[in-house]
Amino acid sequence: MRWLTLYARSRQVPASLAVVVIGAVVVWALARDGSGGPGDPRMPALVIVAGATAASTGLGGQDVALDRTAAIRWVLRRAAHVLLIGAVVGAVLLAVQAMGEDLATTAFVVRNSAGLMGLVAIGATVGGAQYAWTLPIAWLSFSLFAPAPTSAPMQVATWMLLPPGTAAGTWTALVLAVAGTAAYAVAGPRR
């Protein structure tokens with residue numbers, strides 16, 4: 001238990017969790033006026049991206065080189081950390097929705113949380129934890145301004161705004177989740 005507490009503190013988990021909760025509550029409060037419409041995917045996508053990027057700061061410790069010298073099995077711990085990010089970000093949004101205003105369906109939240117946790121894990125592996133937020137922000141920015149997804153490549157490019165049950169959106173999220181979790185678990189954050 002002591003190791004878990006130290007790990008959570010070194011990964012800034014309490015601060016990240018506070019940002020995830022505050023971000024979800026703020027967006028929920030802003031969405032209460034109904035201007036976005038009940039089927040508008042932009043607000044819940046923004047909440048999940050904000051939560052995943054806030055939690056991504058913990059994908060690297062204070063000293064990555066020092067972490068690598070520890071004689072512990074990092075693969076399972078890293079994989080659990082990434083999966084926990086996706087679970088917590090999705091759970092916070094679903095819990096905030098339970099207070100009244102429905103922002104998105106559970107399937108939408110689960111799909112996007114899984115895909116975005118993989119995306120931040122890829123970002124941490126490629127650019128380090130301090131830059132893990134760049135991929136989700138860039139992808140969401142492109143999705144918000146992209147033309148209507150009429151072709152399969154555009155559906156893949158705008159996967160996080162597609163309705164749940166869309167094959168291209170589901171498969172893109174699944175591939176990102178698996179690839180990102182595996183890459184981060186094996187390689188860890190970039191120095």
Side-chain angles (χ1 to χ4, degrees), residues 13 16-56 59 79-123 132-182 184:
V13 171
S16 296
L17 183 60
V19 171
V20 169
V21 171
I22 290 170
V25 169
V26 166
V27 172
W28 171 80
L30 292 174
R32 289 181 62 188
D33 68 353
S35 62
D40 188 357
R42 293 177 296 181
M43 289 299 256
L46 179 63
V47 170
I48 297 170
V49 167
T53 56
S56 71
L59 291 177
H81 189 155
V82 171
L83 295 174
L84 194 59
I85 287 174
V88 168
V89 168
V92 166
L93 179 58
L94 292 174
V96 169
Q97 282 189 160
M99 294 191 310
E101 188 71 30
D102 246 2
L103 294 174
T105 63
T106 302
F108 181 90
V109 172
V110 168
R111 181 196 69 191
N112 281 19
S113 297
L116 287 165
M117 90 182 171
L119 207 51
V120 294
I122 291 171
W133 58 271
T134 55
L135 286 178
I137 295 292
W139 203 315
L140 177 63
S141 300
F142 176 78
S143 297
L144 291 175
F145 297 107
T150 55
S151 63
M154 282 307 295
Q155 287 183 340
V156 169
T158 60
W159 67 273
M160 64 179 83
L161 298 179
L162 294 176
T166 307
T170 304
W171 280 105
T172 303
L174 185 62
V175 167
L176 288 172
V178 170
T181 304
Y184 180 75

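What you see is a predicted model; the values in this text were computed from it and never measured.
Between A177 and A114, the shortest heavy-atom distance links the atoms CB-O, 3.3 Å. Here the closest non-hydrogen pair linking A121 and T181 is CB-N, 4.2 Å. Pairing each heavy atom of P136 with each of V120, the nearest pair is CG-CG1, 3.4 Å. Looking at every heavy atom in both residues, A146 comes nearest to T158 through CB-CG2, 3.8 Å. Taking all atoms of both residues into account, the shortest heavy-atom contact from W159 to A173 is CZ3-CB, 3.7 Å. In plain terms, the two heavy atoms of A45 and F108 that are nearest each other are N-CE2, 4.1 Å.
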Next item on the list: Apply side-chain contact (heavy atoms from CB on, under 4.5 Å) to the pair L176 and T172, showing each step before the final yes or no.
Entry: CA-CA 6 Å; L176 288 172; T172 303; 4.1 Å; yes

Item checked: Test log, rule side-chain contact (heavy atoms from CB on, under 4.5 Å), inputs L59 and V82 -> CA-CA 8 Å; L59 291 177; V82 171; 4.1 Å; yes

Check: Which is it for L144 and L161 under the side-chain contact (heavy atoms from CB on, under 4.5 Å) test, yes or no, and what are the steps along the way?
Finding: CA-CA 8 Å; L144 291 175; L161 298 179; 4.0 Å; yes

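A 4.5 Å side-chain heavy-atom check between L162 and P149 finds at least one atom pair inside the cut-off. Residues V89 and L116 are not in side-chain contact: their nearest non-hydrogen atoms beyond the backbone lie 4.5 Å or more apart.
Taking CD from Q155 and OG1 from T150, the interatomic distance works out to 8.0 Å, rounded to the nearest 0.5 Å. Note that OG of S56 is 10.0 Å distant from CG of L135, once rounded to the nearest 0.5 Å. Distance check, rounded to the nearest 0.5 Å: CD1 of I85 to CG of L17 gives 11.5 Å. To the nearest 0.5 Å, the span separating CG on L83 from OG on S113 amounts to 12.0 Å.
No donor-acceptor pair closer than 3.5 Å links the side chain of T166 to the backbone N or O of G169. At least one donor-acceptor pair under 3.5 Å links the side chain of T53 to the backbone N or O of A50. Put simply, the side chain of Y184 never gets that close to the backbone of H81: no donor and acceptor are under 3.5 Å apart. Side-chain atoms of S16 come within 3.5 Å of backbone N or O of A54 as a donor-acceptor pair. Judged by distance alone, the side chain of N112 and the main-chain N or O of M160 form a donor-acceptor pair under 3.5 Å. Side-chain atoms of Q97 come within 3.5 Å of backbone atoms of A104 as a donor-acceptor pair (strictly under, hydrogens ignored). Not one N or O on the side chain of R111 forms a donor-acceptor pair closer than 3.5 Å with the backbone of W171.
Counting non-hydrogen atoms of neighbouring residues, nucleotides and ligands closer than 6.0 angstrom, the CH2 atom of W139 exceeds 12 such neighbours.
Put simply, the residue from L93, L140, V92 that forms a side-chain contact (heavy atoms from CB on, under 4.5 Å) with I48 is L93.
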